[in-house]
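For reference, the structure is listed below as structure tokens.
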2 protein chains.
Amino acid sequence: MDVINAKLRESSYRLTGQRKAVLNVMLENKGRHLSAEEVLWEARKISPNIGIATVYRTLEKLASLEVLYKSMFEGNKYRYELAEDEKHHHHHVLCLACGLISEVSGDLLHELESDLDEQGYKIIDHELKFYGYCPACNKKK
Amino acid sequence: MDVINAKLRESSYRLTGQRKAVLNVMLENKGRHLSAEEVLWEARKISPNIGIATVYRTLEKLASLEVLYKSMFEGNKYRYELAEDEKHHHHHVLCLACGLISEVSGDLLHELESDLDEQGYKIIDHELKFYGYCPACNKKK
DNA sequence: TATAATTATGATAATGATTATCATTATATA
DNA sequence: TATATAATGATAATCATTATCATAATTATA
Ligand SMILES: [Mn+2]
Ligand SMILES: [Mn+2]
Ligand SMILES: [Zn+2]
Ligand SMILES: [Zn+2]
């Protein structure tokens, strides 16, 4: 939280009531992947008049500061999650039955990346998503 | 092409002029990743009155038959490519400078998948995207 | 063949997430 | 306090995709 505050100040972003609200929502949902709309409903419990535009703006700012990660899940909707610097670069498993999003921290992709390096590519980032059934849904069948 | 025809017949889909046009476009662009809009323009050279709805419908059908692969690239737009069964499950490298989409056929992800298997997951599919600079753009800097 | 049933098409409206606009308000600075 | 700057919320615009629906083409049936 102090780190986040520092990042905001560095970029001369004011920590307004609305931004505090959005931040609180994300902090209280550590580990969850929320859509802008979901953040809006939660944030309105703290800052009742906050508008969707401000939510989008704040989420974008926080993502650009790497306080949040932004990722597309349903194919037409972004979701945001708190970036915990420990598992900096993690990946996702999506359950095709219940929609559960779980995480994979292992990262054996560096071998592929170094292959690409040798071919002349400069790889900056990668994103991996597994699709399948979570343990609970897998048992039910 | 015979295979595709067979697949269509199996599903009792008529191979209409419009569908032939869309198919031709995809066949003549083997290896490229086209948006629905791009397919529309090309298809109109063959079937001038074809509408965007028919293009979407046809692309969806062909994707469900696994004749095409469908994948999101720009974050808000799907692209379709001919599914060549050789490199069945390939992955993508996106150049952040010129937008070039190249492909990675290596697949070291099975280790991650088997980890998940042991945890009770049933993995059906996965999608990996690298973001970075292609060799050409990488040199220019 | 004539007719009925099915499937496909194209124009256009609707949808839904995101972005842009703009007048108003809050905050910081001189 | 006056003034510049940043932030906000309502709402319109955008853009890809999907739904609707009347019409046309194809196939099955009598
Ligand atoms: Mn995550
Ligand atoms: Mn490809
Ligand atoms: Zn599940
Ligand atoms: Zn490039």
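By convention in this document, chain letters (A, B, ...) are assigned in the order of the sequence lines, proteins followed by strands, and residues within each chain are numbered from 1. Only this structure's heavy atoms are used, side chains among them; waters, hydrogens and symmetry mates stay out.
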Check step by step if side-chain contact (heavy atoms from CB on, under 4.5 Å) holds for A:Ser71 and A:Glu127. CA-CA 9 Å; A:Ser71 188; A:Glu127 192 174 6; 2.7 Å; yes
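Between the CZ atom of B:Phe73 and the C1' atom of D:dA16 there is a distance of 16 Å, given to the nearest Å. Atom CD of A:Glu60 is separated from atom C1' of C:dA17 by 12 Å (rounded to the nearest Å). Rounded to an integer number of Å, the gap from OH of A:Tyr13 to P of D:dA7 is 8 Å. Distance, B:Lys77 NZ to D:dT17 P: 8 Å, rounded to whole Å. Computed from coordinates, the A:Tyr78 OH to D:dC15 P distance equals 15 Å when rounded to whole Å. Computed from coordinates, the A:Lys61 NZ to D:dT8 C1' distance equals 12 Å when rounded to whole Å. Here C:dA17 presents its C1' atom at 13 Å from CD of A:Glu38, a figure rounded to the nearest Å. One can place OH of A:Tyr56 at 19 Å from P of D:dA13, the figure rounded to the nearest angstrom.
Hydrophobic clustering of Ile, Leu, Val, Met, Phe, Trp and Tyr side chains at less than 4.5 Å, counting indirect connections, unites A:Leu59 with A:Leu27.
We find that B:Glu38 and B:Arg79 are joined by a salt bridge, their nearest charged nitrogen and carboxylate oxygen being less than 4.0 Å apart.
Residue B:Asn49 places its side chain closer to C:dG10 than to any other of D:dT17, C:dG10, C:dA17.
If you find the closest nucleotide of DNA chain D to A:Ile50 and to B:Ala53, the one lying nearer the 5' end belongs to A:Ile50. A residue-by-residue look at B:Tyr80 and B:Arg14 shows that B:Tyr80 has its nearest nucleotide of DNA chain D further toward the 5' end.
B:Arg19 comes within 4.0 angstrom of the backbone, heavy atoms only, and of no base. Backbone-only contact: B:Gln18 has heavy atoms under 4.0 Å from sugar-phosphate atoms and none from a base.
Side-chain nitrogen and oxygen atoms of B:Thr16 include none within less than 4.0 Å of the OP1 or OP2 phosphate oxygen of C:dA8.
A donor-acceptor contact shorter than 3.5 Å links the side chain of A:Thr58 to the backbone of A:Thr54. Looking only at distances, no side-chain donor or acceptor of A:Ser47 sits under 3.5 Å from a matching main-chain atom of A:Arg44.
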